[in-house]
Amino acid sequence: MKKIDDSTYKAIKYEKKAGKRSLAKDSGCYGHVKGRRNSRLIIAIILLLMIISDVLFSVMIFHTRKTWLIIIACILSIPFARNLIDFFMCLRCKPLSKEEYEEVEQIARDTGKKLTYDVSITDEDGLIFIPTLMLMNNNIIAYTPGVKDTKEKEKIKRYIDMVNVQEEGKGYRIVVTDNLNTFKKEINKIKEPGSAGKEKDREMTERLLSLGF
C-alpha cells in the first residue's frame, strides 16, 4: 500500500469524516467500539422490524406486495444495510479487556500522559484496529497486544502513516508494540510538548480518528 499524497486522499477523507466524527464525542475513549457495535445492532433490528411490518401490512391489507408501501421498505433497507455492515465491522475490532485496560490506565496515571483508545482506520484495502495509543510530541506509540506478527505491525504503521504530515522533512515517529513494558518505556521517553506542540498533537489526533468510526 503506497503512501497517499496529503493534498488529495488525506485531506478529502479528513474533511468528509470530520463532521460525522464530531457527533461521536466518545471517539478515542475506551468502550467506544463496544458502544457503537451495540447501537448499530439495535438500530439494525429496529429497521428490520419496520421493514417486515411494512411488507406484512401491505400483504394483509391489500393482499399484494405491489403497493406504494413497499417503496418505504426499500428505502429503509438502505440504512438497515449500512448499520448491519457497521455492526460486522465492529465485530472485527478487539478492544482491550478490563484487566488490560486497568494496566494501561495505570501507566497513564504514572506518567501523567493521556492515551487514546479504540482507534480504527478504514481504507480501500481493509481495516486495522489499535486498542490504545499515545500521541505526543511527534511520537505515536501504539499498543496492540493481539498483534504478534511483524508484517501485521508494519501494516499498522503504514495505515497510521497515511495521516503522518511531513513538516520540514520530519513527521511523527511511529512505534507499534505488543509488549506492555516496551509500551511503557517508549512513553517514558517522550517529553511534554509546548503549546504549539500540543495544538499539533490535537490536530493529528483529530486526523487519525477521522479515518475510522
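Only a predicted model underlies this, so the values are computations on that prediction, with no experimental measurement involved. All values below come from the heavy atoms of this structure, side chains included, with hydrogens, waters and symmetry mates left out.
Here Tyr117 sits in one hydrophobic cluster together with Tyr30, Leu96, Tyr101, Val104, Ile107, Leu115, Met134, Met136, Ile141, Tyr143, Val175, Leu180, Phe183, Ile187, Ile190; the rule is ILVMFWY side chains under 4.5 Å apart, joined directly or through other members. Membership of an apolar cluster is not assigned to Met60, as no side-chain contact below 4.5 Å to another ILVMFWY residue is traced.
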What do the steps show when you test Leu127 against Cys93 for side-chain contact (heavy atoms from CB on, under 4.5 Å), and what is the final call? CA-CA 9 Å; Leu127 161 75; Cys93 302; 4.1 Å; yes
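The nearest pair of heavy atoms linking Asn138 to Asp201 is N-OD1, 4.1 Å. For the residue pair Ser39 and Arg36, the shortest heavy atom distance occurs at OG-O, 2.9 Å. Counting all heavy atoms, side chain and backbone alike, Gly112 lies closest to Glu192 at O-OE2, 3.9 Å. Of all heavy-atom pairs spanning Thr177 and Asn179, the tightest one is OG1-N, 3.0 Å. The two residues Leu47 and Pro79 make their nearest non-hydrogen contact at CD1-C, 3.7 Å. Minimum interatomic distance between Ile51 and Ala73 (heavy atoms only, all atoms of both residues): CG1-O, 3.9 Å.
Of the possible polar contacts, none joining the Ser58 side chain to the Val55 backbone as a donor-acceptor pair under 3.5 Å is found. With hydrogens and angles ignored, the 3.5 Å screen pairs a side-chain donor or acceptor of Thr122 with a backbone N or O of Leu211. Judged by distance alone, with hydrogens and angles left aside, the side-chain atoms of Asn188 form a donor-acceptor pair with the main-chain N or O of Lys184 at under 3.5 Å. Side-chain N or O atoms of Ser53 include none that pairs as donor or acceptor with a backbone N or O of Met50 at under 3.5 Å.
With a 6.0 Å radius and a threshold of 12 heavy atoms from other residues, nucleotides or ligands, Lys148 has its NZ atom above the threshold.
To the nearest 0.5 Å, atoms CD (Glu203) and CG (Leu208) are separated by 13.5 Å. Of the inter-residue distances, the one linking Asp118 atom CG with Lys94 atom NZ reads 13.0 Å to the nearest 0.5 angstrom. The line from OG of Ser210 to CD1 of Ile121 is 9.5 Å long, rounded to the nearest 0.5 Å. Note that CZ of Arg207 is 7.5 Å distant from CE of Met204, once rounded to the nearest 0.5 Å. Of the inter-residue distances, the one linking Arg37 atom CZ with Arg92 atom CZ reads 15.0 Å to the nearest 0.5 angstrom. Atom CD1 of Ile70 and atom CD1 of Ile75 lie 11.5 Å apart (nearest 0.5 Å).
You'll find the side chain of Arg82 stays beyond 4.5 Å of the side chain of Arg40, heavy atoms only. Side-chain contact check for Ile156 versus Val147: some heavy-atom pair is nearer than 4.5 Å. Residues Thr144 and Ile128 form no side-chain contact, since every pair of their non-hydrogen atoms from C-beta on lies 4.5 Å or further apart. In this structure the side chain of Pro95 never reaches within 4.5 angstrom of the side chain of Lys34, judged on heavy atoms. Annotation: side chain of Phe129 is in contact with side chain of Val33 (closest heavy-atom distance under 4.5 Å).
Here the options are Ile43, Leu49, Ile42, the test is side-chain contact (heavy atoms from CB on, under 4.5 Å), and the partner is Ile46; only Ile42 passes.
A salt bridge between Lys157 and Glu154 is present, with a side-chain N of the basic residue lying under 4.0 Å from a carboxylate O of the acidic one. Contact check on Glu186 versus Lys189 returns a salt bridge, with a Lys/Arg side-chain nitrogen under 4.0 Å from an Asp/Glu carboxylate oxygen. With respect to the salt-bridge test (charged N to carboxylate O, under 4.0 angstrom), the residues Lys153 and Asp178 qualify.
With hydrophobic clusters built from ILVMFWY side chains whose heavy atoms lie under 4.5 angstrom apart, Ile52 shares a cluster with Ile61.
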